[in-house]
Every structure is written in C-alpha cells, then in structure tokens.
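Below is one structure, written out as structure tokens; comments come after it.
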Amino acid sequence: MTDANGYSVAFDKTVLAKEENGEAAAIAAIKAATVLPDIKEGITTFTGKTIPNGTVTAQLKNSKARTILSTTANANGDFTLDLQSLNLAKDHVVTFVVTDANGYSVAFDKTVLAKDAVTNGNGTTTGNGNNGTVAGTTNNPLSPPTVAASFPQTGEKESSVSALAGLILLGSAAFYLTKKNKHKSIA
C-alpha cells in the first residue's frame, strides 16, 4: 500500500480456514446431551446430565445476589450441584450454563415448581407449599394422595366495603321494585 507521498507499507495477512463443524456442532452436542430434571421448591441438591467433563454453572436469573454455583460433569456427563445457597422458591428461574472444553456454551432456564402435596397414611399432609396449611386429610392408607387447590393471589385483604355497598344496592333495588309494584296494583 502506498500513500500520496510515496511511502509504502506491506501487510502480511494469514487467512485461517473456517472450521467445518465448530460452534454449531458444539452447541448441538451440548443441547443433545443435557438433561435437566424439574426443580421443586426447597430442593437443596440437583443432579443432571450433560456432555462428558463439561463445566456446569447455575445462578438465579434476575437476582440481585449474584451467587454462581459451579461444578464439572464426570466422564459420563453426570453432575451434582448443591443449590441450598440459592434459597429456591416457587417461580424462581435458575439459569444453567453448560460449557465444553473448547469454550462453547449453552444456557438453559428452569422455573422452580411448587412442592407436591402428599398425604401420608396417618392423615398428615406434607410438602404442599401452603406454609403448613393442611389441604386435606385421610385415615385410609389406601386412598390416593390429596392435592391442594391453587387459587390466584389477588392481594386483596378485605372486601367488606364492597360487600356492604352491594347489599345496600340490592336492598334499594328490592325496595324500589316493591314500591313500584304496589303503586301498579292500586291503579
């Protein structure tokens, strides 16, 4: 390359061949090998499967506390993470990132599910996710487990004002119709 003053510079440029199966193949291999079971609230140990010797990290998505847990899968791809420090609760989202030996990685999001309600044979319901509220009891050890109903949480604490206004409106309408019907029957 030569500029307007006649000075010239030579560049040596080496062009590397594009790797045939590079990133796309690595990502496909990670996705195919990774199995992440459901996460239930209160879980402390999580076991999954991914690529052999892959690095697995986990952290709560959108959390101000940026605790990042890390482990390495064994030669079979099996791994275990201690999730106790994440204090998992229903609807939290845990992001798992699996990275292979060449640095290619894939992120997986798993939403934490509520604990299952289980009724044991002596009538006690445990693990229902309702802060210890018993969803149902049974004294028959052969009966199926009872599952608690889930209702939407509206945040409303009291509805007495709305109920009172509705009763007043209903009473006024009944009084008006009764008076109206008496005037019709007289005429």
Side-chain angles (χ1 to χ4, degrees), residues 19 21-159:
E19 190 177 324
N21 294 325
E23 183 177 11
I27 289 173
I30 293 170
K31 287 181 178 180
T34 303
V35 177
L36 303 172
D38 287 340
I39 304 173
K40 303 284 178 134
E41 70 181 324
I43 191 173
T44 57
T45 303
F46 182 82
T47 302
K49 189 166 186 73
T50 189
I51 56 172
N53 305 310
T55 302
V56 181
T57 61
Q59 76 180 76
L60 280 178
K61 188 173 189 173
N62 301 325
S63 173
K64 291 179 184 175
R66 290 290 179 188
T67 302
I68 299 176
L69 308 173
S70 182
T71 191
T72 301
N74 66 18
N76 295 323
D78 299 316
F79 69 91
T80 301
L81 276 169
D82 180 2
L83 301 180
Q84 188 170 2
S85 63
L86 297 181
N87 297 318
L88 298 177
K90 183 179 180 289
D91 295 330
H92 280 169
V93 176
V94 179
T95 300
F96 292 89
V97 178
V98 178
T99 306
D100 71 4
N102 295 318
Y104 296 112
S105 61
V106 178
F108 301 88
D109 286 345
K110 294 292 285 184
T111 301
V112 177
L113 305 174
K115 291 181 186 178
D116 292 327
V118 178
T119 303
N120 62 19
N122 59 8
T124 306
T125 300
T126 58
N128 62 7
N130 292 330
N131 297 325
T133 304
V134 176
T137 60
T138 181
N139 289 324
N140 181 357
L142 300 177
S143 67
T146 304
V147 178
S150 177
F151 297 102
Q153 300 299 315
T154 63
E156 187 175 8
K157 299 292 182 193
E158 293 183 27
S159 61

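Keep in mind that what you see is a predicted model, and the values were worked out from it rather than measured. Along the sequence shown, residues are numbered consecutively beginning with 1.
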Here the pair of heavy atoms bringing P37 nearest to G48 is CD-CA, 4.2 Å
For E41 versus K90, what's the shortest heavy-atom pair and its separation? OE1-N, 3.4 Å
Please report the interatomic distance OG1(T34) to CZ(F108), rounded to the nearest 0.5 Å. 4.0 Å
I43 and L88, any side-chain heavy atoms less than 4.5 Å apart: yes
Nearest heavy-atom contact between A114 and K40 is O-CD, 3.5 Å
To the nearest 0.5 Å, how far apart are NE2 in H92 and CD1 in I39? 11.5 Å
Quick one: pull up CG in L86 and CD1 in I68 and give me the separation to the nearest 0.5 Å. 10.5 Å
Given side chains that start at C-beta, do those of L83 and T44 come closer than 4.5 Å, heavy atoms only? no
For a 4.5 angstrom cut-off between non-hydrogen side-chain atoms, does T67 reach L69? yes
Less than 3.5 Å apart, which donor and acceptor atoms pair up between the side chains of residues 72-80 and the rest of the protein, not counting sequence neighbours?
from: N74; atom 1: OD1; to: N76; atom 2: N; distance (Å): 2.8
from: N74; atom 1: OD1; to: G77; atom 2: N; distance (Å): 3.0
from: N74; atom 1: OD1; to: D78; atom 2: N; distance (Å): 3.0
from: D78; atom 1: OD1; to: K49; atom 2: NZ; distance (Å): 3.3

Would you say K115's side chain and G42's backbone share a donor-acceptor pair under 3.5 angstrom? no
Checking side chain to side chain contact (heavy atoms under 4.5 Å, CB included) for the pair V112/D91: CA distance, chi angles, key distance, verdict? CA-CA 5 Å; V112 177; D91 295 330; over 6 Å; no
For I51 against A29, the heavy-atom pair lying closest together: CG2-O, 3.8 Å
Evaluate the side chain to side chain contact (heavy atoms under 4.5 Å, CB included) criterion for residues F96 and L81: first the C-alpha distance (whole Å), next the side-chain angles of each, then the deciding distance (0.1 Å), finally the verdict. CA-CA 11 Å; F96 292 89; L81 276 169; 4.0 Å; yes
Of all residues at least two apart in sequence or in a different chain, which pass the side-chain contact (heavy atoms from CB on, under 4.5 Å) check with T99? T55, V97, S105
Which residues share a salt bridge (Lys or Arg N to Asp or Glu O under 4.0 Å) with K31, sequence neighbours left out: none
Nearest 0.5 Å, what's the CG-CZ distance between D82 and F46? 13.0 Å
